[in-house]
Number of protein chains: 2
Amino acid sequence: MSNRTELEKLGEFGLIDRITNGFENTQPSTVKGIGDDAAVIDSGDKYTLISTDMLVEGIHFNLMYVPLKHLGYKAVMVNLSDIYAMNGDATQITVSIAISNRFSLEAVEELYKGIRTACELYKVDLIGGDTTSSSSGLVISITAIGEVNKDEIVYRTGASENDLLVVSGNLGAAYMGLQVLEREKEVYKDNPEMQPQLEGFDYILERQLKPEARKDIIHFLKDLGVKPTSMIDISDGLASEVLHLAKASGLGATLYEEKIPVDQETFDTARTFNLVPSTCALNGGEDYELLFSIKQTDFDKIKDNSHFSIIGHFNDKNSSVNIVDRGGVSQEITAQGWNHFKED
Amino acid sequence: MSNRTELEKLGEFGLIDRITNGFENTQPSTVKGIGDDAAVIDSGDKYTLISTDMLVEGIHFNLMYVPLKHLGYKAVMVNLSDIYAMNGDATQITVSIAISNRFSLEAVEELYKGIRTACELYKVDLIGGDTTSSSSGLVISITAIGEVNKDEIVYRTGASENDLLVVSGNLGAAYMGLQVLEREKEVYKDNPEMQPQLEGFDYILERQLKPEARKDIIHFLKDLGVKPTSMIDISDGLASEVLHLAKASGLGATLYEEKIPVDQETFDTARTFNLVPSTCALNGGEDYELLFSIKQTDFDKIKDNSHFSIIGHFNDKNSSVNIVDRGGVSQEITAQGWNHFKED
C-alpha cells in the first residue's frame, strides 16, 4: 500500500469517524445507529437497545491483579451501563471469548462465575455467544440488549440551553484504584517476596475491579418523575463525556470544579499520589456513573438527593465547554479520555 | 488453583456446556437462549433474532492469503447466515475489532470496505461496535440482529420422523479452496520467488474467501410455500450439522452419500489432493449453505429445484445418524467439525 497512516495518530474516535464514513442506514427499523451509548431499533411497541464492548488483555485489564471472576462481572457492567444510559432496562447479553491454551477450564469457569453473578443481580439473561481459541491473550466481547418505552428514551442529543448537568455517585475512584494496583504491581516486579499493600483502599479498589452499572439511578429518576433531557455513561472520564453531550446537543457547557463529587478515600489517595483529586475525577475513566441533564424545573426534585450532584449547566451553542475552578477562573475543557492506540 | 483441566480436552461444545451450566433465563422476553443458530427475543409483534461470532487471526483466518476486504465481507456473512438459518431476515449488525499497531488506517479501511459491501448487498445497517487496540493480532466480533414473523420461525428442534433432509447449493468447496491456499502458502514459504498457482480454482477460492450467506434460499422457500420443520447453517461441516439437528429434534437420520451435492471443481480438486470428495463435503466447514428438513408432503415443491438437494431423511428417536455409501453400506456418523482448541 502506498500510503500508511498510523492508527495512534487518529485515536479511537477519529478511527470510528473514518471507518463508518459511507455507511448508510436503510432498514426502516433502525432508529439510531452509531453515535450514542446504544443503538436503537424500533421493534413495534418498544425500542430495542443494542450496545457492545470489547475488552482485551493487556489493554483493558491486566491479569496480574484482576481476578477472573471480577473481570467477568466488570465486562457485563461495562455493557449494561450503556443500556441504562439510554434510560432503558437491560434484558439480555451475549458473551464471546477468545482464549489461549494457557487458560484452564477452571480459569474460564471463574470468568463465567462473575458473568453469572452479574446476570443474576441485574436480571439479564445470557442468550448466546461464541467461544474460540486465541494465539495469545484473552479477549471478551459482550453485546447487551435492552428495551425502553418509546416515550422514555433519552439520547445524548436532547439537552437545551440552561439545562442542569447532574452526575450520579462520585468520580475518580476507579482511576485511583487503578493507580494503587499499578503501584503494587511495580513493587511486586521489583521484589516478588513483598506482599501487596492494599489495606485502606477497599472502596477505590472495588470501584476499579468490580464496578456497578447504575440501574438503580434509572429507577430513582422514574420514581422522582424526572426524565433527563440527555444522558451518557462515564466510561472515559467526565471531561470526555461532557464534551460528547455538548457536541451531540449542539451546546456549550459550564462545570464547577467544587461541585464535582469526590469520595474521601479517592481524595486522600490522590493526595498521597500527588494528584489533584478533581483532575482524577475529570479525566479518570471507568467510573460507570451516569452524567445527564435535567430541565431547571426539575431542580427541586434532585437538589437534596444524595445520589445526585448538580455540577453545572448547558450554555448556548456559541459557547465552549468550560470548567470554573475554586478560584473562580474558567478554563476550556478539551478532548481527553483514553487513547488506547497511543503508546504510553 | 489445585485442578487444571486443559481446554483442548473439552472442545468448543464441551466448553460451552460447562460454562453455561447454571445460567437461567428469567426475562419474560427471552424465548430461546443458547442452543440454536440465533437467540430469540419476543419484541411484541415479531421475534428479534440475535447471533454473534468472533473471528481471530491465526485461528479463523491467515492474513498471508486472505485480503482484508474479503475478510470483512466474510465476517458479516458468517453472522447473517445464522439469522437466515432461523428463517429470519437480517436487519442490523454491530462490529467490534481489536487491532494492533502493525495495521495502518488504510488496512482497517480495507476491512470496512468489505463490511460495507456486505451491508449494502444484504441490506443490513451497521449500527454500532467497538474499536480497540490489541497487543498482537486482529480480532473481529460481529453481532447480527434480525427479525422474523412469529409463525415463520424455524428452530433446530422442529423435525419429525420421516421428514426429508435438504441442503442448498453444494458442499466442500470452501474446504477445498482452503487446501489450495494452504498448499500455495507452503510453496511460498519454501520459495518466496514463486508465484502462487491459483488459476483454475476460481470457484472454490471464492467459496473460501468470499462466501455468500443464503438469504436467497429463505426467499425461494417462501415463494415455494415451504416452511422447513428444522434448519441450521453449515459452518462446521454437514456431518456436524446433521448431528446437531438430530440431537435437537430427538431423532435419528439417514444420509445418502450419492445425494450429497459436490461441484465439479471441488470434485476434481479433491481428487488432485487425493481426498474423497464426499468426505470433504461431509467434514469440510465454512460452506454457509443451509441444511433443513421438510415434510414429505412438500417433496414435490422441492424435488426439481436446482437450488436444493434432498440428501436423506430423519428416522425414529431410537436410531443413530448414518450415512449410506455408494456401495449401500451404512456407517454411523460421529461428531466431527472443528476443534479449535486442539493443536493441529
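By convention in this document, chain letters (A, B, ...) are assigned in the order of the sequence lines, proteins followed by strands, and residues within each chain are numbered from 1. In this text, all values refer to a predicted model and were calculated from it rather than measured experimentally.
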When [options] are compared by non-hydrogen pairs under 4.5 Å with chain A, the top option:
| options | answer |
| --- | --- |
| B:Gly137, B:Ser29, B:Gly58 | B:Ser29 |
| B:Val56, B:Ile34, B:Ile19 | B:Ile19 |
| B:Leu111, B:Val124, B:Ile115, B:Thr48 | B:Ile115 |
| B:Ile50, B:Thr20, B:Ile16 | B:Ile50 |

Would you say the side-chain atoms of [X] pair up with the backbone N or O of [Y], donor to acceptor, closer than 3.5 Å?
| X | Y | result |
| --- | --- | --- |
| B:Glu241 | B:Ser235 | yes |
| A:Glu147 | A:Asp89 | no |
| B:Tyr155 | B:Lys32 | no |
| A:Asp36 | A:Arg156 | yes |

Tell me, side chain or backbone of [X] under 4.5 Å from chain B's heavy atoms, or both, or neither?
| X | answer |
| --- | --- |
| A:Gln92 | side chain |
| A:Thr94 | side chain |
| A:Ile145 | side chain |
| A:Ser100 | backbone |
| A:Asn21 | backbone |

Work out which heavy atom in B:Asn25 is nearest to a heavy atom in A:Leu126; give both atom names and the distance.
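Taking every non-hydrogen atom into account, OD1-O, 3.8 Å.
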Determine the minimum heavy-atom distance between B:Gly129 and A:Thr52, stating which atoms define it.
CA-CG2, 3.4 Å
Residues of residues 69-77 of chain B with a heavy atom under 4.5 Å from any heavy atom of chain A, in residue-number order, are none
Could you tell me which residues in residues 37-46 of chain B have at least one non-hydrogen atom under 4.5 Å from a non-hydrogen atom of chain A, sorted by residue number?
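Residues of residues 37-46 of chain B touching chain A at under 4.5 Å: B:Ala39, B:Ile41, B:Ser43.
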So, do B:Ile142 and B:Val78 sit near enough that their side-chain heavy atoms are less than 4.5 Å apart?
no
Indicate yes or no: at least one non-hydrogen side-chain atom of A:Phe103 is less than 4.5 angstrom from one of A:Leu63.
yes
State the [atom1]-[atom2] distance between [X] and [Y], to the nearest 0.5 angstrom.
| X | Y | atom1 | atom2 | value |
| --- | --- | --- | --- | --- |
| A:Lys123 | A:Thr91 | NZ | OG1 | 14.0 Å |
| B:Glu120 | B:Asp125 | CD | CG | 11.0 Å |
| A:Met231 | A:Leu245 | CE | CG | 10.0 Å |
| A:Ser141 | A:Asp53 | OG | CG | 8.0 Å |
| A:Leu105 | A:Glu110 | CG | CD | 11.0 Å |

Per-residue tally against chain B (heavy atom, under 4.5 Å) across A:Gly14, A:Gly22, A:Cys119 peaks at A:Gly22
Relative to chain B, which of A:Gly128, A:Ser96, A:Ser135 shows the most heavy atom pairs under 4.5 Å?
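Maximum pair count with chain B is reached by A:Ser96.
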Can you check side chain to side chain contact (heavy atoms under 4.5 Å, CB included) on B:Thr143 and B:Asn79, steps first, answer last?
CA-CA 7 Å; B:Thr143 297; B:Asn79 280 279; 5.9 Å; no
Would you tell me whether B:Tyr65 and B:Glu182 have side-chain atoms, one donor and one acceptor, within less than 3.5 Å of each other?
yes
